[in-house]
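Shown next, in structure tokens, is the structure this report addresses.
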Amino acid sequence: MNIPEYNEIIEPNDQTEARREHLEKLREIVGNVYPNKFERSKITGEEDTITRIVVFATLVKNQHISKLTEGEKPSDEQREAANAELNQLRVRTAGRLAVPPRVMGKAAFVHLSDGVERLQIYVRKQDAKAINNDTRKIIEQENAAWELFNLLDHGDFIGVEGFLFVTKTGELSVHVETIQFLSKARFPMPDKMHDIADAEISRRYRYIDLIASSLRNKTDEELEEEKRTGVKKLTTREVFERRAKLISGMRRFLDDNGFIEVETPILTPKATGAAAEPFETYHNALDIKLYARIAPELYLKRLMVGGFEKVYELNRNFRNEGLSHKHSPEFTMLEFYCAYMDVNGMMDFAEAMIKESVRKATGGSLQVKYGESEIDFSKFERLTMKQAILKYSGFPMLDEILFESLANLRQLNAALLLTDLGKMEAGTAAGFTSATSDQELLKKSFEQRAEFVKENKNRLWKIAELFSVSEPDKNIAEENGITENEFEFIVRNIISEENDERKKAYIIEKSFEDYAENILGKIIQQTGKTIMKPTFITDYPKSISPLSKASPENPNVAERFELFICGMECANGFSELNDPQEQYERLIDQMKERETGDEEAMVLDEDYIRALSYGMPPAAGIGIGIDRLVMLLTNKHSIRDVILFPHMRPEKKNSTADDAKNAEEI
RNA sequence: GGUCCGAUAGCUCAGUCGGUAGAGCAAAUGGCUUUUAACCAUUGGGUCGAAGGUUCGAGUCCUUCUCGGAUCACCA
């Protein structure tokens, strides 16, 4: 194994060397340069963090110094009055040097930060004493504190004791009497005026990002921008604080409503409860293959069988699939179940919960800026899938095709294949959902297809029939006016082995009805991209909702909803299927789909069927994508910006020509 | 996986037509006892992501690779 030397990790340069030398000199002055503790005072009632002192003392200061305009200094009288009171307040507090020390001959200023607030300290050569970390006593040697102070670097941790005062410019400060060295920053701090610009550094080394975001000053331009737009740009730290507030808000809401928090297995013998590729692992002692869970759903419903009427789990799920700005291989979901409730009750409940926890996260507001748009969490729309497509896709003809009859669905299917042919010839390999994010293009593409279907109704009907058998006949195709080109395209793209197995499976093995429903699912996903305001989409096709109950009104429709916000799918819920016999059959259907190529169809879990057979009350359940909700609340457009340590490809430094060659050969 | 964009000092960035590697901050040294992105003076700091190629000469042009971002496809 190649174990790097310390010097390889910290990479010596003029800056790290200077800091190392400072550390050695500090050791001579204070002894132990990494002391074990520092006790803070409690004038604020609790441990005096910098934030608490700032909040507490600012109130005192403001009693004497009325709000100053920018650049304005307090009068001598105001200052004397404030200091008369503040000087009585002795504090002991600690923090990181938020700026390089500003030394002016025989006195100096520096700001300390506790990661949230910053507090200025004033060190005067003749007043300050240093603490020896070994004896914990004041060092008698003359100017020890001043020497210590001059060995401090931007980013070091120190503890200070002294009294509060207001400077000539009106800033609250600590007049330092004793100073104690606590810890060294051996790396230079990031630019004090800029965030880490390189997204790779900020995500791979989140601690640097957090330091940079908590230590830096805002530039004048940024302050102006915030004033102008009224939107505060969150620091990295604030993003994750908001995330924590959202989660605790949700927890509290559920706890207050009688839910019990549970923990179910993360390593599971079967990866099921959702349609996704799992991560595989292996348990040596048990000698079994295990999968990281893709959803906790089936375990939570076993608990409903066991008698828990309201359960929730704040769970991390793992899906071995592609990464994108809204997909992470591990992501956090809040999943909960409520007995005797149906999908409508669940929508009401989830809406109330989301509103409440959004308020908690934002500090009261239900309106948040997201990019160019504003999300209003005070109004949740509810639309059936059909209504949503009508309203948001803007393709009235599509509606005609989709909803007139099954026959039309077949035609749509065939039409889609043929219009893809056009794309194929134009040089772009594209499938049905190849539509771009460009709404005009998307619309045009749908309209062209719809037009095409209308004009070629009879012919398409025949095409649909023709290709519903496993071995389409070229001659029959020709008789029906299908050109050789078209025939070959469809065979090549739909039937032939080397191409998309799933399409083949849909066409050959499944009924057109199911295929159409799958298309519907895809269309709603596409349509969802254009849905901005919080919207529950209901009435999903049953065939793509294997764990959900059918609607009492329509056996083909599932009592299921998905919540779309700003084009993102944020929640998925339904009336839980509790008939073990039907559940068994639905999962068997899914297994068949797996065999015919759909790798992400659901896996049958026999024990779950057994559990259901003991009886589960009628219930509704929901899974809420926490990461995505946090994205919306923090105006972040990548899921990796709301995950503290997102997964990254390992770094490969100093790759050589050989590496390049090897990579080429692979 | 496809397409496009990016990688230059510790940090943020500039680098024109292919012709000596730059600025601000940070660092070092000196000055300054209430500063506010402190200031003044001086100094040091570079594998220009990696490898190869074209050229008298490459940060700049070409090829390949690495990492990251955006976007599309797949998926929640």
Side-chain angles (χ1 to χ4, degrees), chain A residues 11 13-19 21-22 71 73 79 99-111 120 122-127 153-155 165-171 173 175 187-204 208 212 216-220 274-277 294-295 317 319-329 331 333 428-438 500 502 522 525 528 562 568-572 599-600 623-625 627-628 637-640 648-664:
Chain A
E11 285 173 27
N13 57 41
D14 62 329
Q15 315 234 359
T16 56
E17 277 305 291
R19 283 161 187 265
E21 283 165 20
H22 292 165
K73 294 177 180 178
R79 207 154 49 79
V99 290
R102 294 192 295 275
V103 180
M104 299 166 300
K106 296 188 178 74
F109 286 98
V110 67
H111 283 90
Q120 180 168 264
Y122 173 60
V123 180
R124 204 153 65 158
K125 188 175 179 181
Q126 68 192 56
D127 296 347
D153 290 298
H154 184 194
F165 75 109
V166 172
T167 64
K168 280 182 185 167
T169 51
E171 180 164 349
S173 307
H175 191 119
F187 271 122
M189 292 294 108
D191 191 302
K192 64 183 175 186
M193 296 308 293
H194 296 94
D195 274 327
I196 299 293
D198 188 339
E200 177 171 2
I201 293 175
S202 64
R203 292 167 185 175
R204 203 185 282 282
I208 302 178
R216 86 189 189 93
N217 286 308
K218 281 199 169 127
T219 61
D220 293 346
E277 273 293 294
I294 55 175
N317 293 306
R319 299 190 184 174
N320 205 344
E321 287 161 354
L323 289 79
S324 86
H325 64 109
K326 46 182 162 177
H327 296 92
S328 169
F331 64 102
M333 220 163 58
T428 44
F432 164 67
T433 50
S434 66
T436 67
S437 54
D438 182 335
D500 194 343
R502 286 172 77 170
K522 303 242 185 248
Q525 271 193 359
E562 288 193 348
M568 273 197 292
E569 205 185 311
C570 292
N572 181 8
E599 286 173 6
E600 283 165 1
I624 299 174
D627 309 279
R628 289 182 178 177
H637 296 254
S638 167
I639 197 167
R640 292 171 151 206
M648 308 281 275
R649 198 168 266 120
E651 280 181 297
K652 272 188 206 162
K653 278 186 174 166
N654 301 324
S655 64
T656 62
D658 284 345
D659 290 343
K661 226 181 208 173
N662 291 341
E664 219 175 327

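So that the names make sense, note that chain A is the first sequence line, chain B the second, and so on, each numbered from 1.
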Any strand counts, and the cut-off is 3.5 Å on both contacts for Watson-Crick or G-U wobble. Which nucleotide pairs with [N]?
N: rC11(B); answer: rG24(B)
N: rG46(B); answer: none
N: rU33(B); answer: none

**Complete:** Contacts of H327(A) meeting ring-ring contact (aromatic ring centres under 6.0 Å, His included) (sequence neighbours excluded), chain-then-number -> none
**Prompt:** Looking at residues at least two apart in the chain, or sitting in another chain, which of them share a ring-ring contact (aromatic ring centres under 6.0 Å, His included) with H175(A)?
**Reply:** Y122(A), F163(A), F165(A)
**Message:** Measuring to OP1 and OP2 of rA26(B), would you say a side-chain N or O of R19(A) lies under 4.0 angstrom away?
**Reply:** no
**Asked** Do any side-chain nitrogens or oxygens of H22(A) fall under 4.0 Å of OP1 or OP2 in rA28(B)?
**Response** yes
Check every atom of [options] against the side chain of [X] and return the nucleotide holding the closest atom.
X: I201(A); options: rA76(B), rC11(B), rA27(B); result: rC11(B)
X: R124(A); options: rA37(B), rU33(B), rU12(B); result: rU33(B)
X: I196(A); options: rA27(B), rG10(B), rC11(B); result: rC11(B)
X: E321(A); options: rC75(B), rA28(B), rU35(B); result: rC75(B)
X: Y122(A); options: rA76(B), rA70(B), rU34(B); result: rU34(B)
X: F165(A); options: rC67(B), rA28(B), rU34(B); result: rU34(B)
X: A197(A); options: rC13(B), rC25(B), rU33(B); result: rC13(B)
X: R319(A); options: rA76(B), rC25(B), rC67(B); result: rA76(B)

**Separation of N13(A) CG from F187(A) CZ (nearest 0.5 Å)** = 8.5 Å
**Request:** Using the six-membered ring for Trp and the full ring for Phe, Tyr or His, decide whether F187(A) stacks on the six-membered base ring of rG10(B) (centres under 5.5 Å, planes under 30°).
**Result:** no
**Request:** State whether the distance check finds a donor on one side and an acceptor on the other, under 3.5 Å, for side chain H194(A) versus base rC11(B).
**Result:** no
**Request:** Record whether the side chain of E171(A) comes under 3.5 Å of the base of rU34(B) through a donor-acceptor pair of N or O atoms.
**Result:** no
Got a list of protein N/O to nucleotides 38-44 of chain B N/O distances below 3.5 Å?
unit_1  : atom_1 : unit_2  : atom_2 : d
rA38(B) : OP1    : K192(A) : NZ     : 2.9
rA38(B) : OP2    : R102(A) : NH1    : 3.0
rA38(B) : N6     : V103(A) : O      : 3.0
rG44(B) : N2     : D14(A)  : OD2    : 2.2

